[in-house]
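What you are looking at is a predicted structure, and each value in this text was computed from that prediction instead of being measured.
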Amino acid sequence: MLHESVERDGLRLRILRGEPLPHRATAATAETVLFVNAVGMPIELLDDMARQFAAEGLDFVTWELRGSPGPGRRPDDSRLADHVADGLAVLDHLGVTAAHLAGWCTGASVALAMAGLDDGPALSLTSVDGAYLFNGVPGGPMGNAMFEMCGEIVADPAAGERYHELTRPRGNEAQVMGLLGSSTELVEQLTLPYRGTTMDLVRYAHAIRSACDYDPLAAWSRITCPVLLTARTDDRMVSYRNSARAAELVTGARLTVEHSGGHYGLFTDTEAVPAMAGFMRAVTDETVPCEAVSVS
């Protein structure tokens with residue numbers, strides 16, 4: 001993996017790129033995937049995904065979003081507009097003018113906002129377990145509780161200390177998250193916001209609420225590029241109904257709903273990346289019209 005950074009608005013953004021593909025002479029082509037991670041997650045969580053996309057013949061780029069644990073960062077600098085501007089700065093830094101945009105959970109909201117820009121970089125939009133709050137909450141029991149907790153912390157930062165104690169890791173995270181049998185590294189990366197300081201949790205709470213502070217109906221009404229949405233019925237964080245509702249709002253949108261894997265199936269399902277890559281390759285294949293693309 002290649003690591004670099006770019007500075008925007010006084011903040012240095014960490015960038016993760018897949019190894020350059022041998023058939024590529026430049027990054028500025030339509031074969032780049034800009035993947036937006038969920039807020040609060042480390043970019044190292046996507047190392048394996050970068051390798052999988054490379055195996056599919058696509059370049060991979062991501063960056064560490066505001067709201068991630070780390071010293072010297074304000075708790076209130078993670079508005080959705082900031083994430084969008086950061087994503088554009090990453091693409092500009094790499095010389096990429098067009099990319100397949102994709103995102104997981106709250107990162108899907110960032111990808112959605114970028115895809116809705118006039119003259120934006122989107123060749124396509126792929127949403128994985130997107131946190132589109134059509135009903136004001138994520139829709140899954142764990143997600144609703146977490147969203148409420150974040151709201152309380154934003155309203156009263158002193159609540160962060162209480163919740164920091166309540167949510168600190170106790171060794172049963174893999175079982176609670178449905179990740180028994182997964183690596184300890186994966187579980188620790190996915191629970192990073194709860195493993196740091198109280199200020200890290202406060203920052204995370206602001207980032208979660210800010211990333212969801214928009215009108216999903218209006219955002220989806222601006223989308224004109226090819227769309228793939230994937231979700232899982234056993235997701236306890238974000239209801240699959242959010243993705244189903246979004247699919248109804250975009251003509252020709254593809255919706256794939258699985259019945260196992262939960263919220264973290266992206267990291268345990270070996271078919272997840274090949275399915276996304278297949279959709280993206282079909283979009284950029286000049287012999288296949290966008291409206292004829294199909295995903296099983």
Taking salt bridge (Lys or Arg N to Asp or Glu O under 4.0 Å) as the test, write out the residues that go with Arg222, two or more places apart.
-> none

Whether over 12 other heavy atoms sit under 6.0 Å from Arg241 CZ | no

Salt bridge flag under 4.0 Å for residues Arg12 and Glu7 = yes

Under 3.5 Å, side chain of Thr284 to main-chain N/O of Arg281, donor-acceptor pair present?
-> yes

Between Asn144 and Glu148, a side-chain donor and acceptor under 3.5 Å = no

Within a reach of under 6.0 Å around CD of Glu248, are more than 12 heavy atoms found that belong to other residues, nucleotides or ligands?
-> yes

Evaluate the side-chain hydrogen bond (donor to acceptor under 3.5 Å, both in side chains) criterion for residues Tyr132 and Ser243: first the C-alpha distance (whole Å), next the side-chain angles of each, then the deciding distance (0.1 Å), finally the verdict.
-> CA-CA 7 Å; Tyr132 312 119; Ser243 295; over 6 Å; no

Salt bridge Asp200-Arg195, side-chain N to carboxylate O under 4.0 Å | no

With a 4.5 Å heavy-atom cut-off, do Leu45 and Leu190 have their side chains touching?
-> yes

For Glu161, what residues pass the salt bridge (Lys or Arg N to Asp or Glu O under 4.0 Å) criterion, not counting sequence neighbours?
-> none

So do the side chains of Leu229 and Arg254 get within less than 4.5 Å of each other, counting heavy atoms only?
-> no

Would you call the rings of Phe60 and Phe53 parallel, tilted or perpendicular if under 30° counts as parallel and over 60° as perpendicular?
-> parallel

Considering residues, nucleotides and ligands other than Asp48, do more than 12 of their heavy atoms fall under 6.0 Å from its CG?
-> yes

Do the side-chain N and O atoms of His100 and Glu31 include a donor-acceptor pair separated by under 3.5 angstrom?
-> no

Same apolar cluster (I L V M F W Y, side chains within < 4.5 Å links), Tyr194/Val187 | yes

Cation-pi geometry met for Arg209 and Phe147 (6.0 Å, 45°) | yes

Which heavy-atom pair separates Ala219 from Ile223 by the least distance, and what is that distance?
-> O-CG1, 3.7 Å

Qualifying salt bridge (charged side-chain N to carboxylate O under 4.0 Å, His left out) pairs with a residue from residues 111-122, counting only residues at least two apart or across chains | none

